[in-house]
Amino acid sequence: MKKRARRHRREEGHGRTDMIFRTLGKAELPKLFGVMAAGGKIVAPVEAGRDRENRPVYVFRETARFEEAALSYTTTKLPAKRYFLPYREDLATFRIEGDDWQKLVDYNVDRPRIFFGLHPCDINALNRLDKVLLNGVYPMPYYVAKRKNMFIVGIDCLPQPYCFCRSMGADTALHGFDMFLTDLGDDYFVEILSDTAYNFLRCVRTSEPGEDDHARYMKAVSRKNDKFIAHVDTTDLTKILDMEFQSEVWKQWGDRCLACGTCANVCPTCYCYGVEETVSVDLGSARKTKTLYSCNLLDFAEVAGGHNFRPERHVRLKYRYYHKHRGFVEAYEEPLCVGCGRCGESCLAGITVPEVIASVRGEGA
Amino acid sequence: METGVKFTDISLGRSKERRRDDPNTFEYTYKAEITNIHRLTPKESLYRIQILDPEERIRFTFSPGQFVMLELPGIGEAPFSISSPPSRHGDVELCIRSVGNLTNFLSKVGRGARVGIRGPFGTSFPTWEMHGQNVLLVAGGLGLAPLRTPIAYVQENRSRFGDADIVYGTKDPSQLLFTYQYDMWRADDINLRLIVEKGGPSWDGPVGMITTALDEILAAKPPSYFQKTFAIVCGPPVMFKFVCTMLNEREVPMQKMFVSLERRMHCGMGKCCRCNVGSTYTCLKGPVFDYWTVMNLKEAI
Amino acid sequence: MTDRNAGGTFLGVPLYRPRTAFFELASCEGCQLQVLNNEATLAPFLGLLEIVNFREAMTGGTDDYEIAFVEGSVSRKDEEDLLKEIRGNARVLVALGSCACFGGVNRLKDRFDPDWTRKTVYGEAPVESGRARPLEDLVAVDLKIYGCPVKKEEVEKVVTNIALGKAVVSPKYPVCMECKANENICLFDLGEPCLGPVTRAGCDSWCPNSRAGCWGCRGPAEDANVEQLEKIMQEHGFAQETILDRLECFGGFARFAEAFRRRRREGAE
Amino acid sequence: MKVDCRIDIRNLTRVEGHGNILIRIHDGRVQEARWEVVETPRFFEAMLVGKRWENVPWICGRICGICSVGHTLASIRAIEHAFGIVPSGLTEKLRLLLKHMETLQSHILHLYFLSAPDYLAAGSVFPLIESSPDVVARAMRIKQLANDLVDSVGGRRMHPTRTVVGGFTMLPEKEELVPFRDRLKKAVDDLLMTAVLFGSFAVPEFSRETEYVSLKGVADYPFIGGDLVSTDGVLRGEDEYREMTNEYIVPQSTAKWARLSRASFAVGALARLNNNFDLLHPLAKEVALNFRLRPVQHNPFMNVTAQLVECVHVVMRSMDLLEELLDGELREARPKVSPKAGAGVGAVEVPRGILYHYYEFDDTGHVRKCDCVIPTGQNHANIQHDLEELAADCLRKGMDDGRIELLAQMLVRAYDPCISCSVH
Ligand SMILES: Cc1cc2nc3c(=O)[nH]c(=O)nc-3n(C[C@H](O)[C@H](O)[C@H](O)COP(=O)(O)OP(=O)(O)OC[C@H]3O[C@@H](n4cnc5c(N)ncnc54)[C@H](O)[C@@H]3O)c2cc1C
Ligand code: SF4
Ligand code: SF4
Ligand code: SF4
């Protein structure tokens, strides 16, 4: 654990690249929050209400009040997606001038935001999205602009029964944040990855971690490891998915699927979209709007003239698994899934990734 | 000591030079003008489109098989294969069939209309690898549009190729595209074989499926022909299957057979995922694929 | 009528500014009112159409129109005749709202014997009434604008698209898609029933945005998996009646509601 | 002297729903003056039978698109009475605010879109968009305010989504309400300008002794619940509504008619005003007096003026309500509803008059019996009698056919009838 922490360098960003460790007394945290709130808008997990079993429902929301930030939250229903991949976003607007037009492009970001309390899975989700949307031949500026303006304070978590981040290699975040907090009881163990984070910390009292802090840290980590219940066996998964392309199990899942798109909407890594152009009622302007889509929706692959490359539910559902657990793995050596368990939790039909993959592996759901 | 979070502006200013990895290319649209419209059939027209800015025009180059995204504000944006020779810069011809919002609107615009184009995108036919070889172009329906580019290339470089055959089939004679060019192709020693599924009073050519015409052509070729032949197949998905199987049986090498796939697309840059086949982006790894790759793509054909 | 857009063009292409008529059959006339209910855009909206017949808002009318928006369901002979006459005059007939598209709430009375229904309300007085039927039971319908009530933004989009010659299409996917985009807490998590997973989107999840479950007023999404939702609702502890109430409320799911009743009857035997 | 005249208006325009006016004058005598209601019944009272209580407000709101808020609230009130639920003070305030905004939007729609064209010799409001853009813009501004506020409180402007038995599914955020302060203030100015415009119209002189029925206000001008009162001195409890309406069926109408002390009575803005004049907001009262409108006013054409006065009243009262809401906490738990056997009435003053919903439930909360009495239904008989009198009056004054036809239409329009609603 310690070794990987020292070895890894931050891929993105500026300033320091070596990881610096500090300990921070818990009583100092509100102060740190206050300092940050003075320096920018903070997005934090907040309790939005209670569900029918009186369990809290968490959301990411802007808040300036430390007491509102529910730092020991479980998982938010929705990821912080709207801040980096808004559900609806104008890619361009047009001014119509007679027979001519002007295209106006805006990346829709005007200020940085501080994300206070992202779990490792959500940080890893961003890292994986980076591979498609930030790096590569065609970076997506709408994402890049928002991503570059995210200041991230990560926080450790306890696995919930539906979490399988460990199987997806997303249980720890190695980079992609500015500061990461691990609960040591009375203190937080702080990993610092950026000079901005470092500067924030200089406004509060921290100390150099000692040997016993390291020991406490490692104990916290192994405690977490023992807690995982859900697993996905990824051994040879890309090949197995290929071999089982015609498997009957897909049909069974397809029969249950509502083709509602919820799984993609709650997923922190789903980025597919559709574009629609519309003209204003007064015909004086037009807009080109991007809307996050879902490959489970009927017309995802339908083309003009009505031909649909994936008319059946099970074929579309299968495609979602192929993209995430085969295609992306082949391209980037890790799945486009961080095992946060949100899709399974939100799917009314109870379709969960561990069960689907187990069934494809012939392990009977 | 500063403790704020600084704003990072990712727009790189107004640089004229646009690299693909400059994020500002993403929604960059060349402003262009429709300089001519040639009605080919009631449903298809050939649009000549010229980039307005002379400098941008010079920089705009493409290879046969690539496509552009054509946009009309508020109406839509969609991919179209470039149908004109690559030797012309910043001046492309698109052969477009009216089927939906954008394409129907296009059928109503006139000369001089302002459109936007992005691109070029996608893979191309390896024309230079084809030098010294025979070329066999098989097109069904609108599939002739993307083939018009390699045809022009063959015409311009006729001495560099062996046999050049085009097999082209449509539903009926009224749907044949580019009829005014057939004589020129033939004049350049390109063998053109037409076939229609349903003839008519004015039609005295062959009637049948495209495979019939192809069969006849292939039957006339010596056994040595097939190993030395590049084949490009373009048309509706059902056609691919039959044509490619026939060529495969005759042992045309899989890496020398090319198809151009069509999928739904909203970005052209590997982001929207709408064009994925299995999990391969048609817009990045395609639209031109060799047959070997296609065989290995789940759900391709 | 304003002539703002007469002879207008968009990017050089002439606009289609149809002579337009509005009619209402049995309905609450809410959908027509919705058409006038977006004050901010009303003027440009009216500029896109040449309204020649709109009884609720204007005096004077003519049979010379190209597009007819018809609200309401059909249950009487005179309505049937009127509808056929409209169909004869109009090039494009638009069903406006759930009553026109599906029969709407008006259909709920058809659960009963018509004689009983009439007697319950009018006693022995001779009042004519047939089953409440959607327009397409009687004439061909070219376009449907769903909803009870229709969403003004959608009507505006339809009309703008008609002017531009763009296709008019409703989303094929269900309301959940929009509900998630609006970041609502799922009603099922709150213990409330919701037809969002099977209802055609386009309303921008109007009801769930208010923390009220969807009642399916826009009818089924394409490829709606209603049977699965029925199972899910039962697993969540909702009475069969709750499911049926929602399925039959606006008529869009009539087919499913009938199947549901049939199954329930068979189950009871 | 007028000898022969035949007026036959099928499907009167600029009213909600379908109605016909028939006037036949022959040999200097009014042979016939008829108000026919031909709307198709939708049988709401039958369709609800057997439905569980949860469906009821949702379905009953669909009786009418213009006053869907009022129907929903009357329906909820009836159910709450049947189940013995008492809504919280906050809920009552929010409901009243919704009610006020419905009154405002409906009255403005009637004043500017349906009524004004008659006085401006236009067929509709549409030509006015070009010729008097500022007048139309003013109407739009007020209407939009009313609609937007209903959106914020009720979830949407038509067929509200948040109003349920017991309270609201969701409450607005305070930040959302704050901007309405200024918009309401602006609306007062706009209404005073409206008063100037309507002050320039010549209201037809016509009068007929009429009994006016409405809710009886106690501390405030009444809108939701309370006792029922008439200008002839009848006073009844809310649950005695049947004795106040006495519905009966006539061949010329698919809507039922009503009567009380005389052959017919009227409900609506004028009735409310006639019965509760002293409870109007002072500014509203001032506007009324400027129009020489004071109780008991018997000119049905003055109903339009009464609507204008009520607009001023509801805007002033909404400003107070808004302040109260912004001062308090906007949070409340939605009570659990337990159905029980019983019956309940909900009486609500909707724009066109007093509306009653009545339900009987069995012990599982299923509707056993349902009755809805619609304001326009209560007005039909009165319209009929007014029409007869008006025809005779016109005859006496020797008016030409065109003028009679116009006045007859204006008379019916003055009631702002909601015909499809009255038939339901
Ligand atoms: C690589 C490629 C090359 C193509 N070349 C040509 C050509 O040379 N000539 C020609 O006539 N057509 C070509 N097409 C098909 C053309 O893109 C569609 O006909 C066009 O998208 C229809 O757009 P629309 O707005 O008129 O239709 P709508 O049905 O209104 O489509 C709405 C949107 O859906 C998407 N879409 C729908 N159908 C398709 C489709 N078949 N392919 C991709 N996106 C689609 C587009 O983003 C489009 O804007 C090509 C498609 C691809 C993928
Ligand atoms: S898998 Fe579940 S969440 Fe995803 S589309 Fe199907 S039913 Fe909806
Ligand atoms: S509330 Fe309804 S529409 Fe929204 S996600 Fe849940 S089931 Fe779907
Ligand atoms: S959520 Fe459902 S009931 Fe509500 S408006 Fe939308 S489709 Fe209609």
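Reminder, nothing fancy here: chain letters follow the sequence lines and each chain counts from 1.
- Nearest approach of B/K271 to A/L133, heavy atoms of both residues: CD-CD2, 3.4 Å.
- For A/V315, the part lying near chain B is the side chain, with the backbone staying farther off; criterion is any non-hydrogen pair under 4.5 Å.
- Both the backbone and the side chain of B/E77 have a heavy atom closer than 4.5 Å to some heavy atom of chain A.
- Of the atoms belonging to A/L292, not a single heavy atom falls under 4.5 Å from chain B.
- Across all their heavy atoms, A/V303 and B/R264 have their closest contact at CG1-N, 3.5 Å.
- Nearest heavy atoms, A/F300 versus B/C272: CZ-O, 4.4 Å.
- Of the atoms belonging to A/E276, not a single heavy atom falls under 4.5 Å from chain B.
- Between chain A and the residues B/N276, B/I75, B/T25, B/V109, the largest count of heavy-atom pairs under 4.5 Å involves B/N276.
- One finds no salt bridge joining B/K6 and A/D195 here, because no Lys/Arg side-chain nitrogen approaches an Asp/Glu carboxylate oxygen to under 4.0 Å.
- Nearest heavy-atom pair, A/F309 versus B/R263, reported as atom, atom and distance to 0.1 Å: CE2-NH1, 2.9 Å.
- When side chains are defined from C-beta on, A/Y293 counts as touching B/R274, because their heavy atoms get closer than 4.5 Å.
- Of the residues considered (B/E71, B/R97, B/M265, B/E262), B/E71 shows the highest number of contacts with chain A, using heavy-atom pairs under 4.5 Å.
- One side chain, A/Y107 or B/N24, offers a donor N or O that lies under 3.5 Å from an acceptor on the other.
- Counting only heavy atoms from C-beta outward, the side chains of B/F7 and A/D110 never approach each other to under 4.5 Å.
- B/Y281 is listed as a side-chain neighbour of A/V132, based on a closest heavy-atom distance under 4.5 Å.
- When heavy atoms are compared at a cutoff of 4.5 Å, A/Y138 approaches chain B by way of both its backbone and its side chain.
- Contacts with chain B were tallied for A/G327, A/A286, A/P139, A/G39; A/P139 has the most, counting heavy-atom pairs under 4.5 Å.
- Contact of A/Y142 with chain B is made through the side chain alone, with heavy-atom distances under 4.5 Å.
- Using a 4.5 Å heavy-atom cutoff, the side chains of A/V105 and B/F26 are not in contact.
- In this structure, chain A has no heavy atom under 4.5 Å from any part of B/L102.
- With a 4.5 angstrom heavy-atom cutoff, A/R113 does not touch chain B via any of its atoms.
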